[in-house]
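See structure below.
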Amino acid sequence: MSAARAPSTPARWRRRLRGVQAGALPAALVLGGILLALNLISFGFGEAPASVLVRAFEGTWGTPYGVGQVLFKATPLLFTGLAFSIALRAGLFNIGAEGQVAMASLAGAVVAARLPPGTPWAVAVPASIACAMATGAGVALVPALLRARLGAHEIISGIMMNRIADVLAPWLLASALGAAAMRTADAIPAATLPRLDRFVPALRGSAASVAFVLAVALAFAAHRALSRSRAGREMRFVGLGAEAARAEGIDVPRRRLAAMLASGAVAGAAMTATTLGYKGYYELGLGAGAGFSGIPVALLGRGTPLGLVLAAVLFGTLEQAGLAVNARVPKEAMDVLEALAIVLVAAAAGIGERARRPEGAPP
């Protein structure tokens, strides 16, 4: 082939990367189907894998109710995925989003319940969300300061804060608030978010709320702000190389602190889906797991707002599918499928990086 007709190296590796990534999720579904078949045979459930997959589809994208439930499951994952992505931009791992969501949900619910009954919606909702985000940032402040000032790794301190939140939340509910049922009082009506079925009647009965729209808008707004602002660019430089950024005059501790606080605030906003948009109050365990599930959402989203939205919807689909087939197979089967998707997409990224290198270049 002549040089004029030969495809350029960048074009060649881009095609390879797209092809490998496009095949990663279908491969995960195939492997998941095989594992599902082995599970059904081993435990004698008497169900063909195809019928289980059909039921999973009917419980998710096969009905308007299922679609609404998928969006509901995806909403807190989008918030926590965005939170992890913001921290990752500065080279940090916000492993403490689980505790940030719990404490932010509790604080936001208390504010939403104690506002005067006549408070208008335009004041009640922003006040509740602002309190939740401030609490999320406050919980993130401890690992942020330990990393920025003392060099302590944020993973260890983040896990520590998760354990503290596990103890502090029930103590506050029982002792400080006197909640015998381990839940807060109901939020005033003006502090709750409307369900999506008010605007899309076909979604009637599902728990999806305007919080999903807020999460999508926040993902795109945060990406735009971080890409175009000096602070956002400096965070990325810190994430690419702290020593090089310091040599260029960037205040590395300050940028790390700002990234971690922003990450905690965004994680705290996940309460809009569970507390303000669904229950109307906070109860112990509400939103549990969203902080950890946001990590693979961020990794699969690869730092783009559209990628984060699609990844959150994917994991929301798998969570809802697990509930739809729970009567026939263990719900944990969908957890295995989630893990397969993460591993195969990560492997696809690695293959794409190798394809990106010039021929003959060292690995």
Side-chain angles (χ1 to χ4, degrees), residues 14 17-29 60 70-98 100-101 136 140 158 211-228 232-233 235-236 239-240 259-260 262-270 272-273 287 289-321 334-335 337-353 356:
R14 279 197 297 268
L17 181 59
R18 284 196 296 265
V20 173
Q21 289 181 331
L25 291 179
L29 293 175
T60 53
V70 167
L71 297 181
F72 166 66
K73 301 287 186 183
T75 304
L77 302 184
L78 181 51
F79 279 114
T80 56
L82 175 61
F84 190 83
S85 182
I86 292 173
L88 193 62
R89 185 181 186 91
L92 302 173
F93 284 76
N94 183 11
I95 206 74
E98 190 78 5
Q100 292 154 19
V101 171
F212 179 75
V213 180
L214 293 178
V216 173
L218 183 60
F220 280 89
H223 178 75
R224 181 181 178 87
L226 291 173
S227 299
R228 299 196 174 193
R233 290 193 296 269
M235 285 179 193
R236 179 169 292 280
L240 293 174
M260 202 66 172
S263 177
V266 172
T272 57
F292 293 124
S293 297
I295 297 174
V297 169
L299 297 179
L300 293 183
R302 302 182 67 82
T304 66
L306 181 59
L308 288 172
V309 172
L310 294 178
V313 170
L314 168 64
F315 283 97
T317 300
L318 294 177
E319 285 192 13
Q320 179 61 21
M334 290 301 166
D335 296 336
L337 191 55
E338 289 182 16
L340 283 172
I342 295 168
V343 170
L344 290 177
V345 172
I351 294 173
E353 286 299 321
R356 184 176 182 175

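Computed from a predicted structure; not experimentally measured.
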Would you mind reporting whether L314 and V297 have side-chain heavy atoms less than 4.5 Å apart?
no
Keeping the roles fixed (side chain from Q100, backbone from G136), state whether a donor-acceptor pair exists under 3.5 Å.
no
About how many Å separate OG1 of T60 and NZ of K73, when rounded to the nearest 0.5 Å?
12.5 Å
Looking at every heavy atom in both V101 and A267, which two are closest together, and how far apart are they?
CG2-O, 3.4 Å
P296 versus F315: any side-chain heavy-atom pair under 4.5 Å?
yes
Which heavy-atom pair separates R89 from G232 by the least distance, and what is that distance?
NE-O, 3.1 Å
Is it the case that the side chain of R236 and the backbone of A90 share a donor-acceptor pair, with hydrogens and angles ignored and the cut-off at 3.5 Å?
no
How far apart are the closest heavy atoms of I95 and F292, and which atoms are they?
O-CE2, 3.9 Å
Show every donor-acceptor pair shorter than 3.5 Å between a side-chain atom in residues 215-225 and any protein atom, with sequence neighbours excluded, or say none if there are none.
none

Nearest 0.5 Å, what's the CE-CD1 distance between M260 and I86?
11.5 Å
Please tabulate, for side-chain N and O atoms in residues 78-85, each donor-acceptor pair with protein atoms closer than 3.5 Å (sequence neighbours left out).
residue	atom	partner	partner atom	Å
T80	OG1	P76	O	3.1
T80	OG1	L77	O	3.3
T80	OG1	A290	O	2.9

Of all the heavy-atom pairs spanning L71 and T75, show the shortest one and how long it is.
O-OG1, 2.7 Å
Among all residues two or more places apart in sequence or in another chain, which pass the side chain to side chain donor-acceptor pair (under 3.5 Å) test with S263?
N94
